[in-house]
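Counting convention: from 1, in listed order, for ligands and their atoms alike.
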Amino acid sequence: MTVQYVEKLYNRYSSVYDLIFGKVFHSGREMAPELLDLFPGAKLLEVGVGTGLSLPLLPRNIDITAIDLSQKMLDKAKQRAAEIRRAVKLIKMDATRLEFPDNAFDRVLAAYFISTVPDPVRVVQEMKRVCRPGGTLLFLNHFQYENPIMGPLETLVSPLCYRLGFRTDLKLGKLMSACDLKIDTLEKVDFLGHWKAVRCINP
Ligand SMILES: C[S@@+](CC[C@H](N)C(=O)[O-])C[C@H]1O[C@@H](n2cnc3c(N)ncnc32)[C@H](O)[C@@H]1O
């Protein structure tokens, strides 16, 4: 999976994305504002904003910048922002190389995103760099099961899922230690806990 491949794929998904992933991921997006502990004037960066489904759920008194690799996904996000009359800075950018200075944001949100990038460690390091010390990083995602049946099964199917634009073998513990991050809170998003909300405080 390369960045170029992911970009092409999500350009193709853009017309059907909301229909397929709108409701499925909605409960996580709903949890995000509280877990992010937003305050008036907070500078929030959303990486991999997609079609902007999180935007209507975020409070109006914060300053939102959102990036995505796919221009077609971003076009949908721009349309949504206009519909709800939100002034959001929506920028086409690769999260592997964030074009922001160090410590530029108070909060960074990665919703259903980190398993779609070829180099998650590099992306998390970029998220850390642009988030101020003591700021919050929030990941909504599925991480590989640790149980002895599902875990190996996910390793097995991951190459296939790569072709669809996401991986199933991303291990939360490994990612955290590779990026020198500690989990502040970990919550189940759905009843079975397939999806998780992982909050970290930027060291
Ligand atoms: C599964 S979608 C999630 C979209 C949105 N966050 C949501 O909650 O529905 C993943 C998004 O990440 C974007 N993406 C993947 N790799 C990226 C990268 N390296 N830089 C920026 N965006 C990327 C894709 O284009 C896609 O829009």
* Answer with yes or no whether Phe21 contacts ligand 1, where contact means a heavy atom under 4.0 Å from a ligand atom. => no
* Assess Val117 for proximity to ligand 1: is some non-hydrogen atom of it under 4.0 Å away? => yes
* Side chain or backbone of Tyr17 under 4.0 Å from ligand 1, or both, or neither, by non-hydrogen atoms? -> side chain
* Under 4.0 Å, heavy atoms only, figure out whether ligand 1 is touched by the backbone of Val6, its side chain, both or neither. => side chain
* **Numbered atoms of ligand 1 (with element) below 4.0 Å of Met73, judged on heavy atoms** => 27 (O)
* Asked: Heavy-atom distance to atom 25 (O) of ligand 1: which of Leu140, Leu69, Asp68 wins?
  -> Asp68
* **Part of Val49 with heavy atoms under 4.0 Å of ligand 1, whether side chain, backbone, both or neither** => backbone
* When you measure from the side chain of Glu126 to the backbone N and O of Leu98, does any donor-acceptor pair fall under 3.5 Å? -> yes
* Does at least one non-hydrogen atom of Tyr13 fall below 4.0 angstrom from an atom of ligand 1? -> no
* Between Arg97 and Asp94, is there a side-chain N and carboxylate O pair less than 4.0 Å apart? -> yes
* Lys/Arg N to Asp/Glu carboxylate O, Lys92 vs Glu7, below 4.0 Å -> yes
* Aromatic contact, Phe25 with Phe21 (centres under 6.0 Å) -> yes
* Closest non-hydrogen atom pair, Met31 against Ala197 -> CE-CB, 4.2 Å
* Answer with yes or no whether Glu7 contacts ligand 1, where contact means a heavy atom under 4.0 Å from a ligand atom. => no
* Numbered atoms of ligand 1 (with element) below 4.0 Å of Met93, judged on heavy atoms -> 20 (N), 21 (C)
* Distance (rounded to the nearest 0.5 Å) between Phe139 CZ and Leu170 CG -> 9.5 Å
* Could you tell me whether Arg80 and Glu83 have a side-chain N and a carboxylate O separated by less than 4.0 Å? => no
* Asked: Which is closest to atom 19 (N) of ligand 1 in terms of heavy atoms, Asp94, Ile91, Ile114, Val3?
  -> Asp94
* To do: Determine the sole option in Arg167, Lys196, Glu154 for which the side chain to side chain donor-acceptor pair (under 3.5 Å) test with His142 is passed.
  => Glu154
* Residue Tyr112 vicinity, atoms of ligand 1 by number, heavy atom under 4.0 Å -> 1 (C), 2 (S), 3 (C), 8 (O), 10 (C)
* To which protein heavy atom is atom 12 (O) of ligand 1 closest, and what is the distance rounded to 0.1 Å? -> Phe113 CD1, 3.3 Å
* What are the atoms of ligand 1, with element, lying closer than 4.0 Å to any heavy atom of Glu46? -> 6 (N)
* **Check ion pair Asp106-Lys43 (N to O, under 4.0 angstrom)** => no
* Using a strict cut-off of 4.0 Å, indicate which atoms of ligand 1 neighbour a heavy atom of Arg29. => 7 (C), 8 (O), 9 (O)
* Polar atom proximity, Ala111 to ligand 1 (N or O, under 3.5 Å) -> yes
* Asked: With a 4.0 Å cut-off, would you call Asp184 and Arg199 a salt bridge?
  -> yes
* To do: Give the residue, atom name and distance (to 0.1 Å) of the protein heavy atom nearest atom 20 (N) of ligand 1.
  => Ala95 N, 2.8 Å
* To do: Please report the closest heavy-atom contact between Thr155 and Gln144, naming both atoms and the distance.
  => OG1-NE2, 2.7 Å
* Per-atom contacts of ligand 1 with Gly50, taking only distances under 4.0 Å to non-hydrogen atoms -> 4 (C), 27 (O)
* To do: For Ser70, counting its heavy atoms only, list the atoms of ligand 1 lying under 4.0 Å from any of them.
  => 25 (O)
